[in-house]
There are 2 protein chains.
Amino acid sequence: MTDQTTGSRPGGRSSRVREAVHAAVGELLAEGAERITFPVVAERAGVNPTTLYRRWSDVDALLEEVTVAALTRDGENLPDGGSLSEDLATWAETIRRDISRPARSRYLRAMVGARDGLADSCPVTDLRAEQAGRLLAAAAGRGEPVPTVEQVLDHVVSPLYYRIVFGLDVDAAHARRLTDDVLRMAT
Amino acid sequence: MTDQTTGSRPGGRSSRVREAVHAAVGELLAEGAERITFPVVAERAGVNPTTLYRRWSDVDALLEEVTVAALTRDGENLPDGGSLSEDLATWAETIRRDISRPARSRYLRAMVGARDGLADSCPVTDLRAEQAGRLLAAAAGRGEPVPTVEQVLDHVVSPLYYRIVFGLDVDAAHARRLTDDVLRMAT
DNA sequence: CTCCAAAAGCAATGAACGTTGCTTTAGAAG
DNA sequence: CTTCTAAAGCAACGTTCATTGCTTTTGGAG
């Protein structure tokens with residue numbers, strides 16, 4: 001895997017179409033389109049609706065694919081300041097700013113609305129768990145007391161996403177409070 | 001307000017229609033209907049679609065109304081066991097069981113999917129905040145150390161809703177862990 | 001260079017949705 | 001009991017979506 005895009009070769013027609021579709025979905029969500037449908041996405045992407053119907057089972061599948069792509073694209077740089085306290089705070093603030101953007105919060109809401117029943121994994125949660133694990137491992141390697149990954153997910157990640165998804169505002173001070181709180185559970 | 005239903009008199013036609021519509025929405029969500037539309041709800045409720053279009057601005061408004069009604073209907077009995085630890089645990093378990101039901105989690109997801117932009121309040125959060133406030137006030141009155149309402153919201157309510165809304169399973173032990181965690185922040 | 005399979009485009013169709021003017025009915029007021 | 005207003009029903013319309021058979025194009029293999 002030497003190229004950033006998954007699937008077929010980057011120059012192929014399929015890849016071009018997929019990129020155009022992803023971009024179109026991104027634009028529509030950024031603009032606040034209330035209803036994402038194949039015909040609308042297709043027109044924006046300059047491709048035929050039939051192509052979308054054939055390639056993706058439904059809109060939810062497309063949305064999930066776009067979300068995962070966006071997540072993995074810019075979820076690689078983790079803070080490494082020195083203390084777990086600062087690293088966690090920086091990390092939480094990055095998440096907060098990320099999902100506070102209208103475009104991203106709409107992704108999330110659209111994804112949630114499309115979800116159904118129980119899934120034993122969720123791309124968002126999985127990524128955050130993996131990141132939290134790296135942060136905590138580094139801190140534990142330095143001999144610091146660390147909370148569990150589950151605690152970080154429950155007490156830092158969850159509140160941030162919860163508030164955003166339900167349309168409540170979150171400021172930086174609040175995010176900082178969350179990381180301070182969770183560190184009090186580290187023993 | 002002596003009757004349980006809001007609005008017009010309980011015997012009127014409007015009330016009958018509203019109840020039928022609410023019940024229809026409940027049934028559809030319970031059955032896992034992927035798409036809630038006015039025509040579908042109307043047929044289930046035995047009323048004319050036009051009535052729905054005239055009474056509610058859109059499906060989102062109807063969903064929110066139903067959710068609020070369901071919330072206020074059975075959100076009145078709070079535990080009063082004696083210690084904050086037990087009360088919080090009982091309360092969290094009630095919430096967990098409530099929103100773990102497929103019907104209710106679908107309500108929530110549908111509500112989230114319909115939401116847009118920032119709202120400075122959310123019926124779900126408001127109710128939970130009010131309940132948490134009562135619990136904490138009672139404990140404070142008994143002289144117990146208590147966390148803040150915000151902390152309870154962030155560290156107990158948020159994780160529960162987050163996991164359910166994103167389709168992850170939550171068991172009773174997990175809920176209990178959350179309340180134990182938040183009590184360590186009470187000083 | 002030629003060939004070929006996979007993918008995208010095109011066109012047509014049926015269904016469901018959202019909306020609007022008009023009529024009818026329920027139920028409260030006098 | 002009669003009257004009157006607000007709400008529900010009815011019917012029709014245009015729009016958009018989802019789906020399917022067929023044709024055309026792309027871009028890699030031989």
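Note that these values count all heavy atoms, side chains included, but never hydrogens, waters or copies made by symmetry. Proteins come first, then strands; the chains are lettered A, B, ... in the order of their sequence lines, and each starts at number 1.
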- Specify the separation, in whole Å, of atom CG of A:Asp60 and atom C1' of D:dA18. 14 Å
- Message: Side-chain N or O of B:Arg55 versus OP1/OP2 of D:dA8: is the shortest distance under 4.0 Å?
- Response: yes
- Message: For a quick test of reading the model: is some side-chain N or O of A:Ser14 closer than 4.0 Å to OP1 or OP2 of D:dT26?
- Response: no
- Query: Which value, rounded to the nearest 0.5 Å, describes the distance between B:His174 atom NE2 and B:Arg163 atom CZ?
  - Reply: 4.0 Å
- Item | Ring geometry between B:Phe38 and B:Tyr53 (parallel below 30°, tilted from 30 to 60°, perpendicular above 60°) | perpendicular
- Note on the structure: Side-chain atoms of A:Arg13 come closest, of C:dA7, D:dA7, D:dC17, to C:dA7
- Item | B:Leu78 side chain reached by B:Gln131 side chain, heavy atoms, under 4.5 Å | yes
- Query: Quick one: A:Phe38 CZ to C:dA16 P, roughly how many Å, whole number?
  - Reply: 19 Å
- Roughly how many Å is it from CZ in B:Arg16 to C1' in C:dA26, rounded to a whole number? 8 Å
- Message: Does the plane of the ring in B:His22 sit parallel, tilted or perpendicular to the ring in B:Trp56? Use 30° and 60° as the thresholds.
- Response: tilted
- Query: Just how far, in rounded Å, is P of D:dA7 from CZ of B:Arg18?
  - Reply: 12 Å
- Item | Under 4.0 angstrom between B:Tyr53 side-chain N/O and C:dT19 OP1 or OP2 | no
- How is B:Thr50 classified with respect to the nucleic acid when contacts are heavy atoms under 4.0 Å: base, sugar-phosphate, or nothing? base
- Query: Within the structure shown, what part of the strands sits under 4.0 Å from A:Arg54 by heavy-atom distance: base, sugar-phosphate, or nothing?
  - Reply: base
- Note on the structure: Atom CD of A:Glu43 and atom P of C:dC10 are separated, to the nearest Å, by 13 Å
- For C:dC10, take OP1 and OP2 only and decide whether either is under 4.0 Å from a side-chain N or O of A:Asn48. yes
- For B:Arg35 and C:dA15, give me the distance from atom CZ to atom P, rounded to whole Å. 17 Å
- Return the nearest nucleotide to the side chain of A:Pro39; candidates are D:dA18, D:dA8, C:dC10. D:dA18
- Give the rounded distance in Å between these two atoms: CD1 of B:Ile36 and P of C:dA16. 16 Å
- Task: Supply the atom-to-atom distance B:Thr90 OG1 to B:Glu93 CD, rounded to the nearest 0.5 angstrom.
- Result: 8.5 Å
